[in-house]
Protein chains: 2
Amino acid sequence: MDTTWTTRLRDSGLRVTRPRLAVLDVLGAHPHADADTIVTAARAAHPTLSPQSVYGVLQALVTAGLARRVEPAGAPALFELRVGDNHHHLVCRACGVVVDVDCAVGYTPCLTPSDASGFVVDEAEVVFWGFCADCRADTAESAPAQG
Amino acid sequence: MDTTWTTRLRDSGLRVTRPRLAVLDVLGAHPHADADTIVTAARAAHPTLSPQSVYGVLQALVTAGLARRVEPAGAPALFELRVGDNHHHLVCRACGVVVDVDCAVGYTPCLTPSDASGFVVDEAEVVFWGFCADCRADTAESAPAQG
DNA sequence: CCGTCTCTTTTGACCGGATCAAGAAAAGCG
DNA sequence: CGCTTTTCTTGATCCGGTCAAAAGAGACGG
């Protein structure tokens, strides 16, 4: 995979460095990792890696279009490598786990709001909130009824 | 309006206090205000109001279902009074202005992801990102092409 | 293969938004 | 009016993330 990442970094005009390869490798293994998780996991490959370096790497990757930043409300930012496809996220209110989902109707039904109010919309970000199978079982007796 | 708020607070089991009425009044005038804006504006009616008090009031309102908290990525949390209807938001990447939009198809087309992966979904949060009419005019020559 | 330049990483301080905890004040009720 | 409970105030604290300067490593030319 390092070969692939090397190519992709070069194609994006970015230098190939150990911190970047380490972060990319972690993102490949953890599809929705937050910065702290990335730091911890990436240190397996690069023990002296600092949190700030990871922030720098992530920002470079996002700017280059190699990674995408997702910020669920009330949670630290997550990073993922799947870019370019219009997929969305399913977030568990209890454990915070994030799962990718394709848009409900196949193409992009939500990309056109009923009234754009003069806006030029370039992205529709959809977050489905709920409870995953595991947490639903755990909290079956005290499920909050919302909305 | 105070009369209405008084009734709604009582109906929700909350005591009627000046800070709460002040915050509700501000939310009525600013449909998508952040905490800082609320503090500043509410001080017109209650000069000694502290930021922490506003946070407390907002949390109480959200818990009681009188207000809703919205957290666009990269921006401080916003609060709005429109609750219960399944409306979404249009956010300008340049100036940050937020506009309400009804869901594209009238009812809730996005509430059912194609594959829920065992999740029980209770809310679909949709954020449309783009540029508002004013900012589109301002940045017409350097519009970023994304996605 | 080495020197040089530029981009990255590292280190450290710093910032804003938000939360937590304890005492003072006010709302609600009899 | 006085009591009880909720709420507001005050202050400290936490966390994720950013900013700036200096050390280090990648990439290109010789």
Side-chain angles (χ1 to χ4, degrees), chain A residues 2-3 5-26 32-40 42-43 45-64 66-67 69-79 96 98, chain B residues 2-3 5-26 32-40 42-43 45-64 66-79 96:
Chain A
D2 283 15
T3 307
W5 297 137
T6 297
T7 303
R8 290 211 188 169
L9 286 169
R10 289 234 171 80
D11 288 350
S12 300
L14 296 177
R15 291 186 177 173
V16 179
T17 66
R18 260 171 232 67
R20 285 175 180 172
L21 291 174
V23 168
L24 286 166
D25 206 41
V26 171
H32 305 97
D34 58 45
D36 189 64
T37 299
I38 296 170
V39 172
T40 303
R43 279 181 173 155
H46 192 157
T48 64
L49 193 64
S50 69
Q52 289 77 352
S53 297
V54 170
Y55 279 112
V57 169
L58 290 171
Q59 187 169 351
L61 294 178
V62 170
T63 301
L66 291 176
R69 181 188 192 132
V70 183
E71 297 185 45
L78 307 177
F79 295 87
V98 175
Chain B
D2 283 16
T3 307
W5 297 139
T6 297
T7 304
R8 289 211 187 168
L9 286 168
R10 289 233 171 82
D11 288 351
S12 300
L14 296 177
R15 291 187 177 173
V16 179
T17 66
R18 260 169 232 68
R20 284 175 182 171
L21 292 174
V23 168
L24 285 166
D25 205 41
V26 171
H32 305 97
D34 58 45
D36 188 64
T37 299
I38 295 170
V39 171
T40 303
R43 280 182 174 155
H46 193 158
T48 64
L49 192 64
S50 69
Q52 289 78 353
S53 296
V54 170
Y55 279 112
V57 168
L58 289 171
Q59 188 169 350
L61 295 177
V62 170
T63 301
L66 291 176
R68 181 180 165 199
R69 181 188 193 131
V70 183
E71 298 185 45
L78 306 177
F79 296 87

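Computed from a prediction, not measured in an experiment: that's the story for all the values here. Convention: sequence-line order gives letters A, B, ...; per-chain numbering from 1.
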Crowded around A/Arg8 CZ? As in, over 12 foreign heavy atoms under 6.0 Å?
no
Remember a base hit wins even if backbone is also touched, and classify B/Thr17 as base, sugar-phosphate or nothing at under 4.0 Å, heavy atoms.
sugar-phosphate
Using a heavy-atom cut-off of 4.0 Å to chain B, what are the terminal contacting nucleotides of DNA chain D, in 5' to 3' order?
D/dT5 to D/dA12
Any side-chain heavy atom of A/Thr6 within less than 4.5 Å of one from A/Leu21?
yes
Which atom pair, heavy atoms only, marks the closest approach of A/Pro51 to A/Val39?
CA-CG2, 3.7 Å
Classify the nucleic acid contact of A/Ala60 as base, sugar-phosphate or nothing, counting any heavy atom under 4.0 Å across all strands shown.
nothing
Residue pair A/Arg69/A/Leu14 against DNA chain D: nearer the 5' end by closest nucleotide is A/Arg69
Hey, are the side chains of B/Val23 and B/Leu61 touching, using non-hydrogen atoms and a 4.5 Å cut-off?
yes
Are any of the side-chain heavy atoms of B/Thr17 and B/Leu9 separated by less than 4.5 Å?
no
First of B/Glu71 and A/Gln52 reached from the 5' end of DNA chain C, by closest nucleotide:
A/Gln52
Can you find a pair of side-chain heavy atoms, one from B/Val57 and one from B/Ile38, that are under 4.5 Å apart?
no
Is there a side-chain contact between B/Glu71 and A/Glu71 in this structure, where contact means two heavy atoms from C-beta onward sitting under 4.5 Å apart?
no
Chain B footprint on DNA chain C, 5' to 3' - any atom under 4.0 Å from a heavy atom:
C/dG17 to C/dG28
Considering all heavy atoms, the nearest A/His32-A/Leu78 contact:
O-CD2, 3.8 Å
